[in-house]
Protein chains: 2
Amino acid sequence: MSEVLDTIDHRILSILQKDATKSVDAISEQVALSRNACWRRIKAMEASGVIRARVALLDPIKVGCPLTVLVLIRTDHHSDAWRKDFAAAVSVLPEITTAQRMTGDLDYVLTVRLADVAAYDTFYKRLTSRIPVSDISASFVMEDIKDTTALPL
Amino acid sequence: MSEVLDTIDHRILSILQKDATKSVDAISEQVALSRNACWRRIKAMEASGVIRARVALLDPIKVGCPLTVLVLIRTDHHSDAWRKDFAAAVSVLPEITTAQRMTGDLDYVLTVRLADVAAYDTFYKRLTSRIPVSDISASFVMEDIKDTTALPL
DNA sequence: TATGAAAAACCACGATG
DNA sequence: CATCGTGGTTTTTCATA
């Protein structure tokens, strides 16, 4: 309901952002609150949508997609229909984990998770067979220096 | 121990990737396995590191960082020392959620989470005061078409 | 703070293929 | 002989009074 998050909320969130398996007991101790008060705050933040989900993060290498590719896309189709088709293609391809429409001269950026470079070629064909793009270029990730789902608070 | 994941493991993972609050009972029912067999598989995947963590995902808008910026960086310092400084700067700045070293002509790509465009200027100054870069450009995310932490299985 | 209900954590045995 | 299922115990966590 309320959209105002105080310092204690922030501290609770920063704990849960890193480890959602922590019990209410452990969290309440860390933020110096009673178990109950802490539990109510968490419930409230879940209800208001501040906490959107709790998910498991997997090891990309161990599940067989060690390669991350950033795909930069430019289009000359600036119609609603094209955008709809593009969004549909994006939602259908599970290798695409993020898709963002950008300002500036590059129109779209995709993050794609793949097994290897050969898989990129397959992906490239599947994508471009679904939607016309005027310019597409791939940049491969050599090293992950940082990769977190935790937002700054 | 074993690094071989079968179809059932994949189904368990795909459930947990989307919702880590699901009880073992519920999961075991979905994958048509006994509670215990299912529990053993999950434990094994936690132990082997296939499941890396369980985290809470927050709403960027409700938490006060609705703006996502992709920062493209080129450097002419290709020394170990520079890389170390860069990594240190990246790890210190919480607004940077991902930092990747790339192939091709752009050296690094950062994903940065911010409150607004003004905050980008502050961020830009803090970053460039810590490390010298020969070229840096920002591209702002206008629309999130897709954004998932779930890897393809 | 107390408390009942639920889920998780773990163990042991026999069955199965 | 790995892995499953059943059925049990103990402990923890939840969620509310």
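Chain letters run A, B, ... following the sequence lines, proteins first, then strands; residues in each count from 1. Only this structure's heavy atoms are used, side chains among them; waters, hydrogens and symmetry mates stay out.
Looking at B:Arg35, its side chain has no donor and acceptor atom pair within 3.5 Å of the base of D:dG7.
Taking atom CD of B:Glu29 as the reference point, atom P of C:dA8 lies 13 Å away to the nearest angstrom. Taking atom CG on B:Leu33 and atom P on C:dT16, their separation rounds to 17 Å, with Å as the unit. B:Ile42 places its CD1 atom 12 Å from the P atom of D:dC4, with the value rounded to the nearest Å. As rounded to whole Å, 14 Å separates atom P of D:dT13 from atom CZ of A:Arg54. At whole-Å resolution of the value, CZ in B:Arg40 and P in C:dA8 are 16 Å apart. To the nearest angstrom, P of C:dA9 lies 11 Å from CD1 of B:Ile27. In this structure, CG of A:Asn36 is placed 15 Å from P of C:dT3, rounded to the nearest angstrom. As rounded to whole Å, 15 Å separates atom C1' of C:dC11 from atom NZ of B:Lys43.
Hydrophobic clustering (ILVMFWY, side-chain heavy atoms < 4.5 Å, transitive): B:Met102 and A:Val71 are in distinct clusters. Linking Ile, Leu, Val, Met, Phe, Trp and Tyr whenever their side-chain heavy atoms come within less than 4.5 Å leaves B:Val133 and B:Leu70 in two separate clusters.
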Steps toward side-chain contact (heavy atoms from CB on, under 4.5 Å) verdict (B:Ile27, B:Ile42): CA-CA 10 Å; B:Ile27 297 167; B:Ile42 294 170; 4.3 Å; yes
Working for side-chain contact (heavy atoms from CB on, under 4.5 Å), residues B:Phe86 and B:Ile73: CA-CA 11 Å; B:Phe86 183 72; B:Ile73 290 175; 4.1 Å; yes
Bracket string, DNA chain C, 5' to 3' - pairs by Watson-Crick or G-U geometry under 3.5 Å, | interstrand: |||||||||||||||.|
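A syn orientation is assigned to D:dA2, its glycosidic angle lying within 90° of 0.
In terms of phosphate contacts, A:Trp39 brings no side-chain nitrogen or oxygen within less than 4.0 Å of OP1 or OP2 of D:dC14. Taking 4.0 angstrom as the limit, B:Arg41 places a side-chain polar atom (N or O) nearer than this to OP1 or OP2 of D:dC4.
Of the possible donor and acceptor atoms, none in the side chain of A:Lys22 sits under 3.5 Å from a partner among the backbone N and O of A:Ile15.
Summarising the hydrophobic clusters (Ile, Leu, Val, Met, Phe, Trp, Tyr; side-chain heavy atoms under 4.5 Å, direct or chained), the residues clustered with B:Ile61 are none.
Note on ring orientation: taking the six-membered ring where Trp is involved, the planes of B:Tyr108 and B:Trp82 are tilted (angle from 30° to 60°).
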